Amino acid sequence: MRILVCEDQPDLRRSLGRTLEGSGFAVDHAEDGMEALKYGLAEPYDAIVLDLGLPQIDGMSVLHRWREEGCHTPVLILTARSRWSDKLAGFNAGADDFVTKPFEMDEVVLRLRALIRRSAGQSSAVLTCGPIRLYTSEGRVSDNGMPVDLTPQEFRIFTYLMHHPNRIISRQTLAQHVYDRHSERESNVIDVLISRIRRKLSVNVIQTVRGQGYRLTPPRG
Ligand code: CA
């Protein structure tokens with residue numbers, strides 16, 4: 001899963017980035033409204049953190065433009081204001097959730113995970129595939145009740161597949177949700193990561209669909 005953080009305050013931007021990376025996300029950063037607008041439209045993020053007080057173009061205008069241009073990525077707004085009228089304007093502009101500054105980093109992570117889960121059409125916080133479970137709020141995976149130790153890249157791929165079961169997902173799509181803007185993307189790396197994930201699970205729930213990609217399917221029987 002991959003997040004765009006739009007925040008002009010360097011310290012806050014960096015600490016959000018560190019926290020989100022530590023929580024298993026690939027993270028891109030936008031420092032002003034122009035970058036936010038551009039990146040948000042260019043890449044298929046799983047969620048976006050948007051500060052309202054951004055230079056060049058304010059956050060609310062950025063959000064309006066994204067929605068006008070057909071970007072439906074869930075957006076969590078950071079605001080220094082907690083006035084109801086500001087929140088109402090934000091929801092009208094297409095925001096999905098709010099946190100008011102100052103906030104706990106853990107709350108941002110928790111809210112983002114819930115936004116991502118709901119936007120994927122998953123109502124339960126625990127996603128299940130045979131004996132495998134993804135606890136979305138905690139960001140951990142278990143297999144027959146035992147913890148599965150995934151690297152950050154493996155975790156991003158696997159959580160993306162768990163959020164979108166029974167669908168063919170191309171290698172390109174997986175790569176877009178695994179790497180940030182600055183990572184080098186080699187075409188065969190996804191295949192390597194998938195085979196590593198398979199080796200760590202007691203059942204094979206990731207099918208290869210020749211020439212198309214991968215599909216998460218619960219084991220039969
Ligand atoms: Ca700001």
Side-chain angles (χ1 to χ4, degrees), residues 1-120 125 136-139 152-153 155-156 159-160 163 176-183:
M1 296 290 185
R2 185 172 170 201
I3 308 275
L4 175 63
V5 172
C6 312
E7 167 62 63
D8 58 313
Q9 222 183 306
D11 289 350
L12 183 54
R13 187 174 63 244
R14 275 193 288 271
S15 64
L16 275 167
R18 270 197 305 273
T19 302
L20 292 173
E21 277 165 14
S23 305
F25 294 105
V27 183
D28 288 337
H29 301 265
E31 300 180 11
D32 58 53
M34 292 287 279
E35 281 188 357
L37 184 61
K38 188 173 76 177
Y39 296 167
L41 292 175
E43 298 281 346
Y45 293 101
D46 294 292
I48 298 175
V49 179
L50 177 66
D51 177 34
L52 280 188
L54 289 176
Q56 300 200 42
I57 311 175
D58 69 274
M60 201 72 87
S61 305
V62 170
L63 179 56
H64 267 293
R65 286 283 301 280
W66 282 337
R67 295 316 190 214
E68 271 173 19
E69 304 277 335
C71 163
H72 300 298
T73 307
V75 171
L76 173 68
I77 281 189
L78 306 179
T79 173
R81 302 165 285 189
S82 58
R83 288 209 309 271
W84 167 244
S85 56
D86 292 326
K87 289 194 177 167
L88 182 63
F91 279 120
N92 283 337
D96 298 273
D97 203 356
F98 282 86
V99 288
T100 306
K101 294 177 180 177
F103 49 79
E104 297 286 332
M105 288 291 166
D106 290 346
E107 187 184 354
V108 172
V109 173
L110 203 63
R111 286 181 181 274
L112 285 173
R113 285 174 171 159
L115 282 182
I116 289 169
R117 175 170 62 74
R118 288 198 300 266
S119 83
T136 58
S137 305
E138 297 143 76
Q153 290 187 343
F155 179 78
R156 286 177 215 150
T159 52
Y160 190 83
H163 278 76
Q176 285 171 332
H177 293 273
V178 168
Y179 298 117
D180 62 38
R181 289 162 40 80
H182 303 293
S183 298

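Values below: every heavy atom of this structure, side chains too, minus hydrogens, waters and symmetry copies. Read the numbers this way: they start at 1 and go in the same order the structure lists the ligands and their atoms. Since we're looking at a predicted model, the values are computed, not measured.
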> Going through the checks in order, is the side-chain contact (heavy atoms from CB on, under 4.5 Å) test met by V62 and C6?
Replying inline: CA-CA 10 Å; V62 170; C6 312; over 6 Å; no
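When each of D96, V99, D106, V49 is paired with R111, the side chain to side chain contact (heavy atoms under 4.5 Å, CB included) condition holds for V99 and for no other.
Checked by atom type and distance alone, the side chain of D46 never pairs as donor or acceptor with a backbone atom of I116 at under 3.5 Å.
A heavy-atom distance below 4.5 Å is found between the side chains of F98 and T79.
In K101, the NZ atom is crowded: over 12 heavy atoms of neighbouring residues, nucleotides or ligands sit closer than 6.0 Å.
Of all non-hydrogen atoms in E69 and L41, the two that sit nearest each other are CB-CD2, 3.6 Å.
Below the 3.0 Å limit, the Ca ion (ligand 1) has as protein N, O or S neighbours D8 OD1, D51 OD2, G53 O.
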